[in-house]
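Structure record follows, encoded as structure tokens.
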Amino acid sequence: MKKYLPVEVENKWQRTWREQGVNKFSLDSSKEKFYNLVELPYPSGDLHIGHWFAFVPPDVMARFKRMQGLNVFFPNGFDAFGLPAENAAIKRGIHPKDWTMSNIETMTKQFQTMGTMIDWDHQAITCLPEYYKWNQWIFNRMFEKGIAYRGKTLSNWCPKDKTVLANEHVESGKCWRCGTEVIQKEVEQWFLKITAYADQLIWKEPPQADWPASVRDGQNNWIGKKTGINITYNIEGSDETVEVFTTRPDTNFGATFIALAPEHPKALAITTKDNKASVKAYLEKSKKKTELERKENKEKTGIFTGSYAINPLTNFKMPIWIADFVLINFGTGALVGVPGHDKTDFEFAQKFGLEIKRVVVGKDGDEGEIKDIKQVQEQEGKIVNSDFLNGLDIHPATKKIMDYMEEKGYGKREVEYHIHDWSISRQRYWGTPVPIIHCPNCGMIPVPDKDLPVELPYEVDFTPTGEPPLASNKEWLKVKCPKCQGEAKRDAETLDTFFDSSWYFLRYLDPHFDNGPFDPELAKILMPLDIYFGGSEHTLGHTLYARFFTKFFKDLKMVEYDEFAKVRVQHGVVLGPDGNRMSKSRGNVINPDDVVKEYGTDTVRLYLSFMMPYDATAPWSPGAISGIYRFLTRIWQLYDKMTKVELSKEDLTVMNQTIKKVTQEINEVKFNTAVAAIMSWLNHLSRKDKVSKNEYKNLILVLAPFAPHITEELWQRLGEKESIHLQSWPKVDEKYLQTEQVSIVIQVNGKVRDTINLSIDILNNQSDILKKALESTKVQKFLQGKEIKKTIYAKGKVLSLVV
RNA sequence: GCUGAUGUGGUGGAACGGUAUACACGUUGGACUUAAAAUCCAAUGGCCUUAGGCCUUGUGGGUUCGAAUCCCACCAUCAGCACCA
């Protein structure tokens with residue numbers, strides 16, 4: 001056979017598959033369904049090696065499952081809204097829509113060269129009205145249920161541009177655009193009440209779906225449920241009280257001060273006359289600090305209000321301070337300082353000369369003065385050792401004191417979460433318009449479903465001016481109130497793009513479905529996802545949001561399942577050949593198009609499957625890929641060795657063992673070892689003079705998911721008419737898995753001294769094996785003059801002698 | 001600091017508590033070539049001159065007949081979060 005020329009083979013089959021519709025999905029109720037999905041890509045305009053790594057191994061999975069007889073659904077789309085399009089537009093004067101759509105076109109073409117079985121007929125593009133119409137529809141449902149609401153949050157605010165700035169747009173406290181000093185301001189925004197689902201989103205044991213522990217722990221941590229108590233302290237000589245949240249009331253015996261966040265509403269009310277001026281100055285100063293600055297600057301600052309709160313447990317007079325290390329968003333925006341048991345409190349107390357008391361709880365620990373932070377940390381450990389907390393919400397000692405305090409009326413139990421409601425407002429153009437109408441008479445009125453979508457107008461001024469770009473199109477902005485028919489205005493904000501990607505996999509089922517965001521009948525059949533591939537950067541964002549949407553849809557009885565993906569698999573990163581992240585500035589970027597040109601798609605696919613575990617991060621190796629090419633060439637040339645030949649027992653064993661191994665490994669998402677098994681088999685076949693047709697067929701069948709083109713070519717050369725990818729996965733014949741001889745390791749005192757070959761019929765007979773072992777001169781040497789005290793036999797593996 | 005993960009040849013990496021280093025790259029030697037490339041064959045963890053033996057999975061302990069694997073402590077790297085009361 002002539003030389004293996006990948007380009008010829010690959011173009012031909014990609015074309016043929018398209019023409020014959022080999023990868024068209026159709027529902028087949030006679031088969032078990034398998035919804036295989038990769039996170040939808042952002043249309044950046046160029047398909048890079050990361051995309052290949054994200055999509056190729058999942059494609060192997062999809063093809064493998066199809067050959068195993070499953071009804072595999074593997075769609076893809078584009079996450080097409082978002083900032084980069086708008087930035088490109090601002091920079092180069094291209095409209096975001098044109099930029100995005102042309103990128104999608106390029107990338108779709110590039111995707112073709114990857115040779116995946118993705119069925120593009122189910123594609124959804126999130127920036128098209130037929131998609132975002134349903135974002136708006138979902139938003140309306142959320143608005144009705146109070147899940148979408150208008151709330152306030154502290155944000156970076158540029159007073160000149162009158163706009164909210166993201167943290168990365170604040171450069172040393174100044175606005176990136178106009179250089180004005182940025183302040184912290186409470187701004188009205190749209191929120192989704194994800195906290196309403198916080199409890200449901202916490203992963204329980206055993207997990208309700210097969211997601212990596214790192215993801216489950218990460219999400220639980222992020223949700224950060226804490227049971228504590230809100231203690232109300234009276235203030236000496238005043239009717240005012242101050243409320244403080246704590247998860248550790250057991251340390252309250254050592255509480256010596258109170259600290260309020262500068263934004264705390266009572267900050268000034270609590271301040272005594274004499275201190276008003278200095279407190280005001282402090283509040284002004286901290287207002288100017290950005291959140292970032294406050295976090296970066298670890299040096300504690302604060303100011304005394306002049307008031308004292310009474311600790312009901314000890315009657316201690318606790319001075320009330322205002323300090324910017326206290327977060328307004330957590331708890332009550334105030335904390336009770338226990339410097340004897342908390343590092344932060346200790347630093348603060350030490351700096352301002354506040355009293356440091358230590359509590360002795362239980363029998364552990366001894367009283368004494370505290371001199372340094374290390375001592376605090378050591379003692380902290382003694383009171384509630386976190387080991388005790390395993391699987392418990394609260395430590396029993398803490399619970400006891402909470403009960404006591406509630407009984408006495410000092411406070412009330414409260415559950416706090418680290419997770420905040422999700423801010424979804426963006427003062428940007430390239431996103432889904434919020435389907436709300438602001439009417440001076442009726443307030444906020446959702447755009448009626450029948451009037452959806454609220455289309456994004458093409459003509460807007462999206463260069464940054466301060467106000468949301470949509471507000472620049474006055475004609476679009478002006479609207480009649482659906483309720484009173486009076487003059488009203490549209491909401492000019494757009495939705496965070498994570499909204500789009502929280503439910504897109506449902507849209508794929510039927511992207512043209514007209515009666516709702518998705519076809520509920522199809523959802524019943526095809527959802528949840530059987531496997532969801534993606535990046536680890538989405539642990540706390542996208543996948544959590546998608547789970548949240550799932551819970552919401554379930555409440556609305558739109559879906560029946562609890563988790564949208566049965567299995568979650570997170571991939572690693574392909575680094576540049578120098579071991580660094582690929583970047584243009586480093587010049588270490590591997591362009592997949594170039595590599596494909598040099599070696600062909602199949603080689604790149606196989607390389608990406610083989611070179612590392614799917615979840616690993618490792619450098620691209622230009623040398624190793626040529627080894628993969630060599631492997632495919634050897635497969636190609638092995639064709640010529642094919643002839644009518646009787647297979648030996650060994651051949652059959654190797655074949656069946658390999659098929660079994662490859663099957664197992666792909667099922668466990670271990671593509672690299674699956675390929676290694678095929679390579680070993682090829683090594684075995686290469687050593688033979690003749691290869692049977694059956695062997696060769698099975699070889700290319702197990703290779704087909706990895707290298708779809710070359711295997712198709714070879715398959716058809718064998719005279720087959722139907723695509724190799726529609727064939728059944730080879731079956732393992734169990735009777736050939738056993739070899740006649742088994743090698744047993746003989747250990748003396750735990751060290752390997754010899755291996756002996758035994759026929760399988762005496763495998764169960766320990767005394768026979770021992771007899772054989774004692775015949776070995778190597779073993780004898782180590783037994784000389786010693787008495788065997790003990791013999792341990794692990795069947796078919798090891799005979800261990802202790803002397 | 002917290003949470004999670006990882007640590008095995010020159011490199012990427014294999015190994016249900018049971019022959020550590022599969023598979024591949026690289027390197028070295030050989031065959032074929034006038035020569036090179038390509039291809040094929042062989043060797044390839046370290047140490048001891050060899051038969052043979054000793055050591056080796058980040059470090060130190062432990063459990064076990066037997067540990068890369070399980071337990072404890074430490075060190076290092078990576079990722080996410082971080083003044084969370």
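Each chain gets a letter, A, B and so on, in the order its sequence line appears, and its residues count up from 1.
A:Asp689 places its CG atom 15 Å from the C1' atom of B:C41, with the value rounded to the nearest Å. Atom pair A:His420:NE2 and B:A82:C1' shows a separation of 13 Å (rounding to whole Å applied). Distance, A:Asp217 CG to B:G4 P: 6 Å, rounded to whole Å. When rounded to the nearest whole Å, the span between NZ of A:Lys661 and P of B:A14 equals 11 Å. When rounded to the nearest whole Å, the span between CZ of A:Phe245 and C1' of B:C84 equals 9 Å. When rounded to the nearest whole Å, the span between CZ of A:Phe346 and C1' of B:A85 equals 17 Å. Separating the CZ atom of A:Phe782 from the C1' atom of B:C65 is a distance of 16 Å, rounded to the nearest angstrom. If you take NE2 of A:His418 and P of B:C81, they are 10 Å apart, rounded to a whole angstrom.
For A:Arg634, whose side chain is taken as the heavy atoms from C-beta onward, the closest listed nucleotide among B:C40, B:G18, B:A85 is B:C40. Side-chain proximity of A:Asn683 to B:A85, B:C23, B:C83: nearest is B:C23. Counting only heavy atoms from C-beta on, A:Gln747 has its side chain closest to B:G66 among B:A24, B:G66, B:A15. When each of B:G80, B:C65, B:C23 is scored by its nearest atom to the side-chain atoms of A:Val802, the top-ranked nucleotide is B:C65. Nearest to the side-chain atoms of A:Thr755 among the listed nucleotides B:U19, B:G12, B:C23 stands B:U19. The side chain of A:Trp222 sits closest to B:C81 out of B:C81, B:C83, B:C65. Of the listed nucleotides (B:C65, B:C25, B:C23), B:C25 has the atom at the smallest distance from the side chain of A:Ser621.
Contact annotation for A:Ile678: no contact, since no heavy-atom pair falls under 4.0 Å across all strands. Within 4.0 Å of A:Ala676, counting heavy atoms only, lies at least one base atom of the nucleic acid. Nucleic acid contact for A:Ala334: base, since at least one base atom lies under 4.0 Å from a heavy atom of the residue. Looking at heavy-atom distances under 4.0 Å, A:Ser680 makes contact with sugar-phosphate atoms alone, never a base. Nucleic acid contact class of A:Lys778 (heavy atoms, under 4.0 Å, all strands): none. Among the protein residues, A:Asp345 comes within range of no part of the nucleic acid, since none of its heavy atoms lies under 4.0 Å from any strand. Note on A:Ser536: nothing from the nucleic acid sits closer than 4.0 angstrom, heavy atoms only. Using a 4.0 Å heavy-atom distance criterion, A:Gly331 is classed as making no nucleic acid contact. As judged by a 4.0 angstrom heavy-atom cut-off over every strand, A:Pro613 is placed among residues touching the sugar-phosphate backbone only. Among the heavy atoms of the strands lying under 4.0 Å from A:Gly627 are primed sugar atoms or P, OP1, OP2 only; no base atom is included. Using a 4.0 Å heavy-atom cutoff across all strands shown, A:Val745 reaches at least one base atom of the nucleic acid.
The partner of B:U39 is B:A31, judged by Watson-Crick or G-U wobble contacts that both fall below 3.5 Å. Across the strands present, B:G80 finds its partner in B:C2; the criterion is a Watson-Crick or G-U wobble pair with both atom distances under 3.5 angstrom. In this structure B:C70 sits in a base pair with B:G62, meeting the Watson-Crick or G-U test at under 3.5 Å. Look at B:U44: its Watson-Crick or wobble partner, with both distances under 3.5 angstrom, is B:G26. Using the Watson-Crick or G-U wobble rule with both distances under 3.5 Å, B:U21 pairs with nothing in any strand shown.
Between the P atoms of B:G62 and B:C48, the separation comes to 30 Å (whole Å). Distance noted for atom P between B:U57 and B:G46: 15 Å (whole Å). On the P atoms, B:C71 is 12 Å away from B:G17, given to the nearest whole Å. Separating the C1' atom of B:A15 from that of B:G45 is a span of 16 Å, rounded to the nearest Å. B:U69 and B:A14 are spaced 13 Å apart, taking the C1' atom of each and rounding to whole Å. Only the C1' atoms considered, B:G30 is 44 Å distant from B:C78, to the nearest whole Å. Spacing between B:U3 and B:A82 at atom C1', rounded to whole Å, works out to 10 Å. Nucleotides B:U21 and B:U44 have their C1' atoms positioned 12 Å apart, rounded to a whole Å.
Contacts of A:Ser626 classified as side-chain hydrogen bond (donor to acceptor under 3.5 Å, both in side chains), with partners at least two apart in sequence or in another chain: none. Taking A:Ser767 as the reference, A:Asn765 meet the side-chain hydrogen bond (donor to acceptor under 3.5 Å, both in side chains) condition, with sequence neighbours excluded.
In terms of phosphate contacts, A:Arg630 brings no side-chain nitrogen or oxygen within less than 4.0 Å of OP1 or OP2 of B:C40. A close approach under 4.0 Å does not occur between any side-chain nitrogen or oxygen of A:Arg753 and OP1 or OP2 of B:G52. In this structure, A:Lys781 reaches the B:G53 phosphate: one of its side-chain N or O atoms is under 4.0 Å from OP1 or OP2. When the side-chain nitrogen and oxygen atoms of A:Thr539 are compared with OP1 and OP2 of B:G4, none of them lie within a distance under 4.0 Å. Put simply, A:Asn672 has a side-chain N or O that comes within less than 4.0 Å of OP1 or OP2 on B:A14. Put simply, A:Lys751 has a side-chain N or O that comes within less than 4.0 Å of OP1 or OP2 on B:C55. A:Lys226 has a side-chain polar atom (N or O) that falls below the 4.0 Å cut-off from OP1 or OP2 of B:A85.
Nearest-nucleotide positions on RNA chain B for A:Thr246 and A:Phe610 put A:Phe610 closer to the 5' end. Residues A:Ser626 and A:Ser214 each lie close to RNA chain B; by heavy-atom proximity, the contact nearer the 5' end of the strand is made by A:Ser214.
Annotated as syn: B:G9, whose glycosidic dihedral is within 90° of 0.
A distance of 4.5 Å separates OH of A:Tyr233 from CE of A:Met318, quoted to the nearest 0.5 Å.
Looking at A:Thr543 and A:Gln219, their side chains do bring a donor and an acceptor atom within 3.5 Å of each other. In the model, A:Thr301 has a side-chain atom that pairs as donor or acceptor with a side-chain atom of A:Tyr282 under 3.5 Å.
Ionic pairing of A:Glu665 and A:Lys661 is present here: one or more N-O contacts between side-chain nitrogen and carboxylate oxygen are shorter than 4.0 angstrom. The existence of a salt bridge linking A:Lys225 and A:Asp199 is confirmed by a sub-4.0 Å separation between a basic side-chain nitrogen and an acidic carboxylate oxygen.
Figure legend: A:Lys300 and A:Phe348 shown without cation-pi pairing, the cationic atom not lying both under 6.0 angstrom from the six-membered ring centre and within 45 degrees of its axis.
Under 3.5 Å, the side chain of A:Ser800 and the base of B:C65 form at least one donor-acceptor pair of N or O atoms.
Two residues are said to be in side-chain contact when any heavy atoms from C-beta on lie closer than 4.5 Å; A:Lys690 and A:Lys641 fail this criterion.
The six-membered or imidazole ring of A:Trp422 lies near that of A:Tyr545, with a centre-to-centre distance under 6.0 Å.
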